Protein chains: 2
Amino acid sequence: MRGKESRAPGGTAPEGYDKYAFEPFAVTVDLAVLTVRAGALQVLLVERGQEPYAGRWALPGGFVLPHESAEAAARRELAEETGLSDLSGLHLEQLRTYSEPDRDPRMRVVSVAFAALLPDPPEPRGGGDAAQAQWLRFNALGPLAFDHDRILADAHERVGAKLEYTCLATSFCPPRFTLGELQQVYETVWGTALDRPNFRRKVLATPGFVEQVPGAARLTGGRGKPAALYRAGDAKALHPPLLRPSSEGRP
Amino acid sequence: MRGKESRAPGGTAPEGYDKYAFEPFAVTVDLAVLTVRAGALQVLLVERGQEPYAGRWALPGGFVLPHESAEAAARRELAEETGLSDLSGLHLEQLRTYSEPDRDPRMRVVSVAFAALLPDPPEPRGGGDAAQAQWLRFNALGPLAFDHDRILADAHERVGAKLEYTCLATSFCPPRFTLGELQQVYETVWGTALDRPNFRRKVLATPGFVEQVPGAARLTGGRGKPAALYRAGDAKALHPPLLRPSSEGRP
DNA sequence: CTGACTATGGTCAGTACGACTATAAAGGGG
DNA sequence: CCCCTTTATAGTCGTACTGACCATAGTCAG
C-alpha cells in the first residue's frame, strides 16, 4: 500500500482509506518465553480449554489492542501471564510474523511472534481468567496448537544463533551470576558441552561482556570452590563471536 | 489470543471469534528491494502522488489480500512493481513487523516488512496504474515517507549482518560471476574496502560457498587478466564467518 | 584427613587472518 | 611493438584465536 492506494482490495479509496474496503485482519501476538531452569531449557505454555486444539499446549498471547503496538501488546500479555510486575532485565525481541491464511481455522489471524528471555523464572501466577500458564521442558513437548511448534522452533534457532554473536546470554541470568551459570546457559540452549577453561578465557577476553563484582563477593551454593560473581557488562555484541561447536567442525 | 479467547477486546467470544468484536487492522507489506548497480547500493522506490507525504519517496508495497500470506503478497507486489516475471534467484526475507499505532496518520496499519535482493536489476516496468518505481542510490536519500527510513535502515543492517555468516552475497550476483563481483557486493553493502587476496582465500576456503564453472569459461569484460567464473554453491551458512572490518578492531 | 567436586590458571599446537609482495594475463597508448 | 596500466591469482609471514589438554586451588561430605 501507500505507493498505490488504488490497490486496496475490495474497492478504490483514493484519499483516505475506506475502513472496510478491505478484509479486516485480526492481529495478535504470540510469545515464546524461554528460561533456563533446573539445567533445562523451559518454555512458558498455556493449556487450551476450547476448540480448536482443546487440551493442547499453546504459546501465550493475545490480541493487539487498537491503541498499542505489537511490542506493547507483548509486554502486556507477558505481565498478565506471568504475574511478573517488574519486567526489568527482560529481553523481548520480535521474531517474525506468521500470516498463513489457514493458520487459525476460525478466521484470518496474523500473529506477530516474540521471543522473551527470563532470568529467574517466577512461578506463573495462578490468578487469572484463563488456563494456567506453566513452565515445560523444551524437550519432550507434544505437538502444540496451531503453528506454535514452528514458532517455538524459530525462537530456539534465533536465540541459539544470537548467543553466538551477542551478549544475550546474560538475559537468562540473574543480576549476579557465576561464569558456570553463564556457561550452563550456552550449554542448555545449544545442547552441547563446552570446555570450561576455554569458555572462561573467551568470555573474559571479550571487553564489556561481563565484569566482576568488585566486593570480592562469592557465591557459596553447593560443593566445590566458590565462584566469583559477575554482572552483565555494557557491550551488546561479541567480537569475535563465540561459535557453537556443532556449526564449526564438519568432518 | 488463542490462550484466552475472553481477552478479545470489545467483547467475549467464547467459541468462534465475533468477527467485529475487535478493532480491525489493515495489514500491508513493505518491500526494501536492494541491488548493487554501478558500484553502488540501490533501492527500489516509488514516488507518492497523494497525501500524506505527497511527493516523497516510499518503499513499494501493498495490502495483503484475504487469501494470501504476507510472503505471497510481497512476491506479488514485487512482480507488479518491477515487472519481473521470473523471480528465480530472488532472495526474499521477512525483516520485521512495524505496528506503531500512529505510523500511518489515516488509520491503523500494521506492516510486515521484507528485504529483497535482486541480482541483475531490471529497469522497473513503466506500465502501471501508479507512480513509477525507480532505482535510487542508497546514499543521499532524502527522508522517506512514513517510517520507511527506519525500515530501510533495518534492512541495510540485516543484510550487512547476514553477509557475515551466510552465503547471501550470491543473491546479489548473476548466475555466473567472478570473485571480483562478489567482493564488490561485500564492499558496497558494508561500505568498506577489502583486501583482494585475503577475500579470495577466505571464500575459496569455505566449502560450498562458490564453485568454479568447470568449462574454463572466463569473462572478458574490460581490461586486466580475465577472471574465472563461479556459481553459487549449496552451502547456506559460513563457518567461520566473514567478519566486516568495522566490527572487529576497536581501538 | 581424604576424596569428590568445582573454580581457576596455564601450556601447546593447529588454524585463521591481516598486511604485504610477487607473478600472470589482458588492453591501451605511444 | 614495447611499455605501462589494470585486474586476477599465488604465496609469505607474523599475530591472534581456538581447541585440547594438564595443573592447582578452595570447599564440602564423609
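Keep in mind that what you see is a predicted model, and the values were worked out from it rather than measured. So you know, we letter chains A, B, ... as the sequences are listed, proteins then strands, and number each from 1.
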[N] [atom2] sits how many Å from [X] [atom1], rounded?
| X | N | atom1 | atom2 | result |
| --- | --- | --- | --- | --- |
| A/Gln212 | C/dA7 | CD | P | 14 Å |
| B/Phe199 | D/dT9 | CZ | C1' | 14 Å |
| B/Arg200 | C/dA24 | CZ | P | 15 Å |
| A/Leu242 | D/dA16 | CG | C1' | 16 Å |
| A/His239 | D/dT18 | NE2 | C1' | 18 Å |
| B/Glu164 | C/dC17 | CD | P | 12 Å |
| B/Leu194 | C/dA19 | CG | C1' | 14 Å |
| B/Arg196 | C/dA22 | CZ | C1' | 16 Å |

Can you spot which of B/Val43, B/Leu118, B/Thr188 makes a side chain to side chain contact (heavy atoms under 4.5 Å, CB included) with B/Leu34? B/Val43

Categorize B/Arg201 for me: base, sugar-phosphate, or nothing, with a 4.0 angstrom heavy-atom threshold over every strand shown. base

Proximity to the side chain of [X] - top-ranked nucleotide from [options]:
| X | options | result |
| --- | --- | --- |
| B/Asn198 | C/dT21, C/dA19, C/dG10 | C/dA19 |
| A/Pro226 | D/dA10, D/dG26, C/dG18 | D/dG26 |
| B/Pro197 | D/dC22, C/dA7, D/dT9 | D/dT9 |
| B/Lys225 | D/dT7, D/dA10, D/dC17 | D/dT7 |

Once you measure the plane-to-plane angle for A/Trp190 and A/Tyr186, does it fall in the parallel (<30°), tilted (30-60°) or perpendicular (>60°) bin? perpendicular

Would you call the rings of A/His156 and A/Phe138 parallel, tilted or perpendicular, taking 30° and 60° as the class edges? tilted

Is the gap between the ring centers of B/Tyr165 and A/Tyr165 under 6.0 Å? yes

About how many Å separate CG of B/Asp147 and CG of B/Asp30, when rounded to the nearest 0.5 Å? 7.5 Å

Under 4.0 Å between a Lys/Arg side-chain N and an Asp/Glu carboxylate O for A/Arg201 and A/Asp195? no

If you assign each of B/Lys202 and A/Leu204 to its closest nucleotide in DNA chain C, which residue comes earlier from the 5' end? A/Leu204

Applying side-chain hydrogen bond (donor to acceptor under 3.5 Å, both in side chains) to A/Asp154 and A/Tyr98, what does each step give before you reach the verdict? CA-CA 11 Å; A/Asp154 288 348; A/Tyr98 298 82; 2.5 Å; yes

Using five pairs at each end of the helix from C/dC1-D/dG30 to C/dG30-D/dC1 to define an axis, what is the angle between those two axes, to 10°? 10°

Pairwise 5' ranking along DNA chain D for A/Pro241 and B/Tyr230, keeping only the more 5' one: B/Tyr230

